[in-house]
A.B. asks: 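Structure incoming, see below.
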There are 2 protein chains.
Amino acid sequence: MAAGRPTIIDVARDAGVSPATAGRVLGGYGTPSPELVRRVQDSARRLGYRANDVARSIVTGSTRVIGVVVSDIENPFFARAVNGISDRARAAGYEMLLVSTRMDLARERSAVEALMAKRVDGMIVASASVSEGGHLRRVREAGVPLVLLDRRNDGAGAVDSVLLDNRAAAQRAVSHLLDLGHRAVAVVTSATPSESRSARRRRSAAEFPSSLRFEGYLDALDEAGVTCDPGWVLRCDDADAACERVRDLLVTRPEVTAVFATTNVMTGGAFRAIMDGDRRCPEDVSLMGFDDHEWSTLVRPQLSVVAQPAYDLGAAAGTVLLGRLAGPGSRSAPSETILQSSLIVRGSVAAPPA
Amino acid sequence: MAAGRPTIIDVARDAGVSPATAGRVLGGYGTPSPELVRRVQDSARRLGYRANDVARSIVTGSTRVIGVVVSDIENPFFARAVNGISDRARAAGYEMLLVSTRMDLARERSAVEALMAKRVDGMIVASASVSEGGHLRRVREAGVPLVLLDRRNDGAGAVDSVLLDNRAAAQRAVSHLLDLGHRAVAVVTSATPSESRSARRRRSAAEFPSSLRFEGYLDALDEAGVTCDPGWVLRCDDADAACERVRDLLVTRPEVTAVFATTNVMTGGAFRAIMDGDRRCPEDVSLMGFDDHEWSTLVRPQLSVVAQPAYDLGAAAGTVLLGRLAGPGSRSAPSETILQSSLIVRGSVAAPPA
DNA sequence: GTGAAAGCGCTAACAG
DNA sequence: CTGTTAGCGCTTTCAC
């Protein structure tokens, strides 16, 4: 007790019991007698004792911490999902080691490595990659339960995942546009540099949400017998790029009467371009966005979107992971949870000009 | 090595060296010979060894983890601040245990307690309270460095803090409205139930950002010789309440020609009310918001705001905390870092109707 | 029900 | 430079 914070030994001495008994009281295990419980608790309070989870973890082999890796906590989708995870985790007595990788795969790798060193009991990761998964495979190999959030990963092997019905959601949204009579529908997707191509080359099942939504867009066009003009497909790195590309499109492609944005970031950029341009929304051009934001109903026209249950996705990932941690069901086959999105139609979508 | 993951002992045995030497190589301390370094690293790789920070922490007394407590990670202000903290922390080799308390003080208390048990090296907290600070004082008493973010706290004692120039920022913003000729300026602030009153009763220095901004509003009115009509002051719990109150105000108080919102949440509500109402913005009524959002420039009119350097606030808090952790400067007096906000004038603010 | 002793995986003295 | 020996603070047998 001299230097640092009081230990269980200090408490035991003060209460006149053995360290073992003090441990039983303070650690809440075993069956100490009521009398000793009181004495030990009194001493603990007096000395200002607080349990040392580090020491506890080393012997129990569990840290009661889960690691969460997302590409950017400032993205409202991830912020909300993290709240979902966090609520589940805390309810089960877990804390959360969070890493926001800023879209940097190298940083993600080192983060995953660091979390393993910290001996998290499990991990939830929304990877910045769908093809590079060596770091995730190593998590599995180390026997640490892993849940993939929002995207699959080729290299991770068979692993639990929680996903959105991306392709179907996009198809529904674009079909809605086509049903209104639109024929030329542009799409704004995230550029997934080379990766999605190489992934496809390997007949990969894993793709980014944005790519899957693009597939859904193609599905809808197919179904309506519309041939996709390559000029309608805008691959952009960020909101600014999206804005610029859509702005161009609006003037160079007068036949386009509707735009579908596949992510919240792209949605912001596309909306900005439309606000800046000469064509009126929805009279001249319709916009269908992805993710429902606070501002969806603050702008005019109000934004039509595919709304994701971001909180539920996070919560589901938490539930799946905690299930692995709790049960000996740890041995069961990987699960895949798919949540449904919903189409919210507001003012930014209308029939094309006559 | 039999059951669990390989330990330093397994590696040592495999490499034919002592555990101490293996530790020196794997832990990066001491001065092992190049020859042994190779042998140990080879063995480590072959066995798939990864350092156990838990064991390391128990002996070094440092976890290289900081605890971060915010009221809601979905609030873009905190998300951005957390990114600032996170960047600083990772650069210094720290991970971040994050708790999003959902505005619940009880949850904050238990979170702080849990983080102490987890033996975080330091903590950054944006408390849900400015008066109740027993849990924060206990952090100090345990000798754990603490930095307050975005708000002071009465009960915490003398402690490092990183704040915005709330009062001056609000005064500038409201003065801008008054300079344009507005006389009746309403203000939308967070309701801080009873707390701010009791805090004031005790002559407290600590107040919520929202309250300080309200003071700044009063300062500006004072300076302009305008008497504040109590009917202009709207205290609201959330965005919906703000929306409703402002909607009412707009019809019942025709003399009000400008509205100042003191938080990002209130800003959203106020803007919505104005969009819903009959009075045009900015011709009939001006709106000055707080915090710059992505949507500030997506709405029409574009929103004038007091912009906070949220990332910098987080980064500064990180820097201060890491300074305490690094130096023996830990003994120096508590610092108070105050960052400046900036006024961004856009279309939502204009002179009052003639 | 309680205590003594061992040990979790690692680092830190201290000898050699 | 390398190995031996102690622990860090706690839980967990195992006797008593």
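Side chains are part of it too, since the values below use all heavy atoms of this structure and drop only hydrogens, waters and symmetry mates. In what follows, chains carry the letters A, B, and so on, assigned in the order in which the sequence lines appear, proteins first and then strands, with residues in each chain numbered from 1.
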A.B. asks: What I'd like to find out is whether the side chain of A:Val69 reaches to under 4.5 Å of the side chain of A:Thr101, using heavy atoms alone.
C.D. replies: yes
A.B. asks: Looking at the side chain of A:Thr21, which of D:dT4, C:dC10, C:dT2 is the nearest nucleotide?
C.D. replies: C:dT2
A.B. asks: Considering only side-chain heavy atoms of B:Arg24, which listed nucleotide, C:dC10, C:dA4, D:dT2, is closest?
C.D. replies: D:dT2
A.B. asks: Are any of the side-chain nitrogens in B:Arg13 or B:Asp10 under 4.0 Å away from the carboxylate oxygens of its partner?
C.D. replies: yes
A.B. asks: Which nucleotide in the set C:dC10, D:dC10, C:dA4 lies at the smallest distance from any side-chain heavy atom of B:Val59?
C.D. replies: C:dC10
A.B. asks: Could you give the CG-to-P distance, from B:Leu47 to C:dG9, as a whole number of Å?
C.D. replies: 14 Å
A.B. asks: Do B:Asp53 and B:Arg64 sit within salt-bridge range, that is, some charged N less than 4.0 Å from a carboxylate O?
C.D. replies: no
A.B. asks: Measuring from the side chain of B:Thr60 (C-beta onward, heavy atoms only), which nucleotide among C:dA12, D:dT11, D:dT2 has the closest atom?
C.D. replies: C:dA12
A.B. asks: Looking only at side-chain atoms of A:Ala20, point me to the closest of C:dG3, C:dC10, D:dC10.
C.D. replies: C:dG3
A.B. asks: Rounding to a whole Å, what distance do you find between B:Arg13:CZ and D:dG3:P?
C.D. replies: 15 Å
A.B. asks: Would you classify B:Leu26 as touching base, sugar-phosphate or nothing, given that sugar-phosphate means primed atoms plus P, OP1 and OP2, and contacts are heavy atoms under 4.0 Å?
C.D. replies: nothing
A.B. asks: Let's see if you can work this out: which of C:dG9, D:dT4, D:dC10 has an atom nearest to the side-chain heavy atoms of A:Ile8?
C.D. replies: D:dC10
A.B. asks: Measure from the side-chain heavy atoms of A:Tyr29 and tell me the nearest of C:dT11, C:dG1, D:dT11.
C.D. replies: D:dT11
A.B. asks: Just the rounded figure in Å: distance from P of D:dG7 to CG of A:Asn52.
C.D. replies: 18 Å
A.B. asks: Can you identify which nucleotide, out of C:dA4, D:dT11, D:dG9, has its nearest atom closest to the A:Ser18 side chain?
C.D. replies: C:dA4
A.B. asks: Would you say A:Val144 and A:Leu115 make side-chain contact, with heavy atoms under 4.5 Å?
C.D. replies: no
A.B. asks: Under 4.0 Å, counting only non-hydrogen atoms across every strand here, what does B:Val17 touch: a base, just sugar-phosphate, or nothing?
C.D. replies: sugar-phosphate
A.B. asks: Among the candidates D:dT11, C:dG9, C:dG1, find the nucleotide nearest to the side-chain atoms of A:Thr31.
C.D. replies: C:dG1
A.B. asks: Side chain of A:Arg56 only, heavy atoms from C-beta on: which candidate in D:dT2, D:dC10, D:dG9 is closest?
C.D. replies: D:dC10
A.B. asks: Provide, to the nearest angstrom, the distance between the CD1 atom belonging to A:Ile58 and the C1' atom belonging to D:dT12.
C.D. replies: 14 Å
A.B. asks: Return whichever of B:Leu36 or B:Ala55 has its heavy-atom-nearest nucleotide of DNA chain D closer to the 5' end.
C.D. replies: B:Leu36
A.B. asks: Would you say the side-chain atoms of A:Arg39 pair up with the backbone N or O of A:Ala15, donor to acceptor, closer than 3.5 Å?
C.D. replies: yes
A.B. asks: Pick the closest DNA chain C nucleotide for A:Ser33 and for B:Ala51 by heavy atoms, then say which residue is nearer the 5' end.
C.D. replies: A:Ser33
A.B. asks: Rounding to an integer number of Å, can you tell me how far A:Ile9 CD1 sits from D:dC8 P?
C.D. replies: 8 Å
